[in-house]
Amino acid sequence: MTFTELNRGESTRSDLPPGGVFARVAGFAHRRRWLGLLLWVAVLAGVWTAASVAGDDYRNDFSLPGTESQQAADLLAEHGAARAGDTVQIVLHDDGGLREPGVEQRVEDMLDEIAGLPRVDGVRSLYDDEAAISEDGTIGYATVMLDTPSDDMPRADTERILDAAQEVEGDGLRVELGGDAARLLAEGGTGAAEGAGLLAALVILVLMFGTVIAAGLPIIIALFAVGSTVGVIIVASHVFTIAEWTPPIMILVGLGVGIDYALLIFARYRAELVRGSEPERATVNAMDAAGRSVFFAGCTVILALLGLVALGLGSLQGMALSVALTVLVTMLASLTLLPALLGIFGSRFARQFTRRAERRTAKGKAADGTRWRRLAAVVQRRPLAALLAGTILVGALAVSALGVRLGFSDAGSDPADSTGRQAYDLLSEGFGPGFNGPLLVVTDGGEQAGAAAATALRDTPGVQAVADPLPTPDGEAATVLVFPTSAPQDEETSELVSTLRDDVLPELSAQNDAQYLVGGPTAASEDYSGKVGERMPLFMAIVVGLSVLLLMAVFRSVLIPLKAALLNLLSIGAALGAMKLVYQDGLFGIEGGPIEAYLPVMIFAIVFGLSMDYEIFLVSRMHEEWVRSENKDPSHAVREGLAHTGSVITAAGSIMIVIFGAFMLSPERLLQQTGFGMAVAIFVDAVIIRCLIVPAAMQLLGRRAWWMPAPLLRLLPKVELERH
């Protein structure tokens with residue numbers, strides 16, 4: 001048996017003129033390979049030169065127009081109490097008592113020194129406020145007023161405050177630094193996660209292609225695309241509101257998608273070389289087929305991300321546009337830079353891949369795709385059983401997502417050895433768990449209305465303490481701090497917010513004709529979660545609807561897009577369910593807490609788009625085999641489609657899993673949850689759904705899979721994934 005016979009399942013396009021757009025672009029990039037490479041190098045260098053000169057200006061925007069917490073903030077600003085800066089707490093603990101003369105003198109000297117540090121607007125000593133020292137006298141806190149918001153506080157200045165505070169430690173005295181600025185000290189870069197992910201991806205690619213140079217090309221594409229886009233976003237941050245956590249998300253998605261797209265094209269290119277095509281013809285044929293799939297796959301990801309704009313939630317919009325731009329640039333790099341690199345290394349690849357294939361043939365090894373054909377045959381013999389088994393397995397995990405509780409992590413979720421977490425625990429021990437997340441009740445009735453609120457709130461179940469009302473500078477409004485008996489992330493605190501807003505404060509407002517609003521970070525977290533839940537249906541309808549329409553135009557089918565949408569929702573549900581079990585319920589010993597409020601919609605958008613990638617990769621090859629077969633045999637199309645894409649999809653999925661999973665090494669809980677959720681979603685989608693459920697569903701659908709009513713056929717534009 002000849003090698004050609006062993007690979008008779010592969011289609012060849014060497015007799016087709018490269019007339020398609022993707023083929024023409026590939027041919028031009030291949031012929032002008034050095035020009036193409038130099039242009040991309042110039043773009044990367046130019047963007048980073050501009051980024052280095054401009055620097056970044058990332059800004060978090062958690063404004064929530066129309067919510068009660070935002071109204072409270074606006075009311076304070078209206079009466080001259082807008083936030084100028086933030087505070088940090090110097091938390092002290094001494095078993096011998098903080099009021100001991102020697103201890104008190106050391107602490108006062110330290111506070112005097114901190115008062116003269118940069119960015120410090122003033123210091124309120126714990127000895128000036130009886131409430132700042134616990135009842136047993138062992139734990140207390142001093143408040144340092146900053147002249148800038150915590151997000152803008154330079155790390156070096158926060159470290160100076162911490163270093164000066166901890167100089168007095170010793171002889172039983174312990175000092176920690178609390179507050180949002182202190183939490184930033186625990187944050188680290190994502191370099192270790194990115195490096196670990198790229199190294200694991202390189203190992204998988206080397207095992208797949210057998211050569212370091214071939215394995216390196218997909219990674220090079222990803223690095224060019226991600227590097228260029230991050231540089232653009234750094235410059236754009238001076239004009240648009242882009243959150244500081246956006247670049248890590250861009251890098252996470254960009255690396256995964258970049259390697260994914262380049263791998264799909266490169267795998268098709270290798271198959272063309274093995275069949276005997278010349279390097280340029282192999283490049284053109286690969287781009288003419290796989291390049292189309294990459295283009296439409298990228299479009300689905302971009303559509304899904306742009307759906308986040310409909311949510312209208314501050315920083316999420318900037319993140320969505322930034323990541324969508326990353327996917328767009330990655331797609332362009334795969335369609336232009338990759339053909340240029342294939343032109344540079346084409347002759348070497350032709351020799352390496354053909355020799356390797358010949359050695360496999362000489363050793364009598366099975367042809368590529370044989371194992372996947374066998375798997376497809378097993379699924380096709382019992383398609384209903386395979387469909388039910390896979391669906392029940394994934395559905396059981398997705399059910400857990402119904403119990404997801406949204407919120408924002410606070411210092412209680414930080415690493416146990418961080419100073420912010422240590423301060424958080426000490427304050428909880430000395431003053432109760434609610435001390436770290438007080439509610440801010442704002443009234444427009446002045447100090448008298450504030451006093452009435454304080455009296456009523458002290459008798460409310462779930463309230464541990466209430467501070468005296470503090471009037472605004474103009475005396476027309478007042479604020480009252482309310483300390484719950486539960487921690488900020490506890491469900492009891494959420495219930496207290498609802499009780500105050502729905503029962504206690506409306507009744508009080510009716511009695512004294514004053515307006516009462518519940519604000520502050522804890523209440524804002526509740527409002528943010530509520531807004532996400534309220535707008536989620538519209539967001540899902542936009543994303544799913546547009547994706548279904550796109551797939552209907554691509555595959556000329558009604559059932560395939562609907563199946564794809566349902567299965568994608570199932571994989572996303574499984575990911576959220578796994579996140580709930582691990583990060584909310586504390587499985588595997590991880591600190592439990594709410595899921596970050598914007599993560600479900602962010603993961604939905606990204607994973608829905610990436611899942612559509614695999615759907616297009618797999619079903620487009622099935623469609624290609626369906627169109628090429630003489631008798632339109634659906635079983636043959638399913639079997640050959642899986643045989644030719646199964647290894648590529650699992651390899652691409654493995655790479656995404658290790659890249660996303662590597663972000664669990666990050667010290668930031670947001671990135672840990674994001675990486676874990678997306679890794680689980682890709683595993684479920686690439687392994688269970690694409691390799692088990694989809695072949696079973698396609699087998700059961702048979703010829704009906706490619707059916708579309710005549711009116712829709714005339715209405716929808718015709719988009720071809722392959723040339724005939």
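The backbone N or O of Glu278 lies less than 3.5 Å from no partner atom in the side chain of Arg281, so there is not a single donor-acceptor pair. With hydrogens and angles disregarded, a donor-acceptor distance shorter than 3.5 Å links the side chain of Ser228 to the backbone of Phe224. A side-chain donor-acceptor contact under 3.5 Å links Arg556 to the backbone of Leu713. A donor-acceptor pair is defined here as one N or O able to donate and one able to accept, closer than 3.5 Å; no such pair exists between the side chain of Arg270 and the backbone of Phe266. Put simply, the side chain of Gln673 never gets that close to the backbone of Ile595: no donor and acceptor are under 3.5 Å apart. The backbone N or O of Ser647 lies less than 3.5 Å from a partner atom in the side chain of Thr650, making a donor-acceptor pair. For the pair Thr300 (side chain) and Ala297 (backbone), a donor-acceptor distance under 3.5 Å is present. The backbone N or O of Ala54 lies less than 3.5 Å from a partner atom in the side chain of His238, making a donor-acceptor pair.
Taking the ring centroids of His623 and Trp706, they lie under the 6.0 Å cut-off.
Contact annotation: the side chain of Pro339 never approaches that of Val25 to less than 4.5 Å [non-hydrogen atoms, C-beta and beyond]. Using a 4.5 Å heavy-atom threshold, the side chains of Leu551 and Ile560 count as separate. Taking 4.5 Å as the limit, every side-chain heavy atom of Ser347 sits out of range of all side-chain heavy atoms of Phe345. At least one side-chain heavy atom of Tyr269 sits under 4.5 Å from a side-chain heavy atom of Thr283. Side-chain contact check for Ile603 versus Met579: some heavy-atom pair is nearer than 4.5 Å. In this structure the side chain of Tyr261 reaches within 4.5 angstrom of the side chain of Val327, judged on heavy atoms. By the 4.5 Å heavy-atom criterion applied to side chains, Ile234 and Val230 are counted as neighbours. Considering only heavy atoms from C-beta on, Met319 stays 4.5 Å or farther from Ile242 through its side chain.
Aromatic ring pairs are classed by plane angle as parallel below 30°, tilted from 30° to 60° and perpendicular above 60°; the pair Phe604 and Phe608 is parallel.
Exactly one of Leu325, Thr326, Val329 qualifies for a side-chain contact (heavy atoms from CB on, under 4.5 Å) with Val232. That residue is Leu325.
For the pair Val680 and Ala578, the tightest heavy-atom approach, listed with the atom from each and the gap, is CG1-CB, 3.9 Å. Residues Ser322 and Ile233 approach most closely at OG-CD1, 3.4 Å, considering heavy atoms. Taking every heavy atom of both residues into account, Met331 and Gly298 meet most closely at SD-CA, 3.9 Å. The shortest heavy-atom contact between Ala376 and Leu642 is CB-CD2, 3.8 Å. Of all heavy-atom pairs spanning Thr336 and Ala29, the tightest one is O-CB, 3.5 Å. Scanning all heavy atoms of the two residues, the minimum distance from Ala574 to Val684 falls at CB-CG2, 4.3 Å.
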*asked:* Set out, in order, the CA-CA distance, both residues' side-chain angles and the distance that settles side chain to side chain contact (heavy atoms under 4.5 Å, CB included) for Ile259 and Leu205, then state yes or no.
replied: CA-CA 10 Å; Ile259 295 175; Leu205 289 169; 4.3 Å; yes
*Determine, stepwise, if the pair Arg268 / His644 fulfils side chain to side chain contact (heavy atoms under 4.5 Å, CB included).*
CA-CA 9 Å; Arg268 190 65 180 250; His644 293 306; over 6 Å; no
_side chain to side chain contact (heavy atoms under 4.5 Å, CB included) between Ser611 and Leu567, worked out_ = CA-CA 9 Å; Ser611 297; Leu567 292 179; over 6 Å; no
_Could you walk me through whether Arg621 and Glu624 satisfy the salt bridge (Lys or Arg N to Asp or Glu O under 4.0 Å) test, starting with their C-alpha distance in whole Å, then the side-chain angles of each, then the deciding distance to 0.1 Å, before giving a yes or no?_
CA-CA 5 Å; Arg621 190 56 189 254; Glu624 182 179 344; 3.8 Å; yes
*Could you walk me through whether Arg639 and Glu625 pass the side chain to side chain contact (heavy atoms under 4.5 Å, CB included) test, one step at a time?*
CA-CA 9 Å; Arg639 187 168 52 254; Glu625 297 295 335; over 6 Å; no
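Applying the salt bridge (charged side-chain N to carboxylate O under 4.0 Å, His left out) rule to Asp57 yields the partners Arg59; only residues at least two apart in sequence or on another chain are considered. By the salt bridge (charged side-chain N to carboxylate O under 4.0 Å, His left out) test, Arg32 pairs with no residue at all, sequence neighbours left out. Remark: Asp685 engages Arg690 in a salt bridge (charged side-chain N to carboxylate O under 4.0 Å, His left out) (not counting sequence neighbours).
To the nearest 0.5 Å, the span separating OG on Ser557 from NZ on Lys563 amounts to 8.5 Å. A distance of 11.0 Å separates CG in Leu321 from CD1 in Ile302, rounded to the nearest 0.5 Å. Distance check, rounded to the nearest 0.5 Å: OG1 of Thr391 to CG of Leu692 gives 8.5 Å. Rounding to the nearest 0.5 Å places CD1 of Ile344 at 10.0 Å from CZ of Phe349. Rounded to the nearest 0.5 Å, atoms OH (Tyr614) and CD1 (Ile616) are 12.5 Å apart. Note that CD1 of Ile606 and CE of Met678 are 4.5 Å apart. Values are rounded to the nearest 0.5 Å.
Between the side chains of Trp372 and Thr645, no donor-acceptor pair of N or O atoms lies under 3.5 Å.
One finds a salt bridge joining Glu640 and Arg373 here, because a Lys/Arg side-chain nitrogen approaches an Asp/Glu carboxylate oxygen to under 4.0 Å. Here Arg275 pairs with Glu272 in a salt bridge; the nearest charged N to carboxylate O distance falls below 4.0 Å.
Within a 6.0 Å sphere centred on CZ of Phe683, other residues, nucleotides and ligands contribute 12 heavy atoms or fewer.
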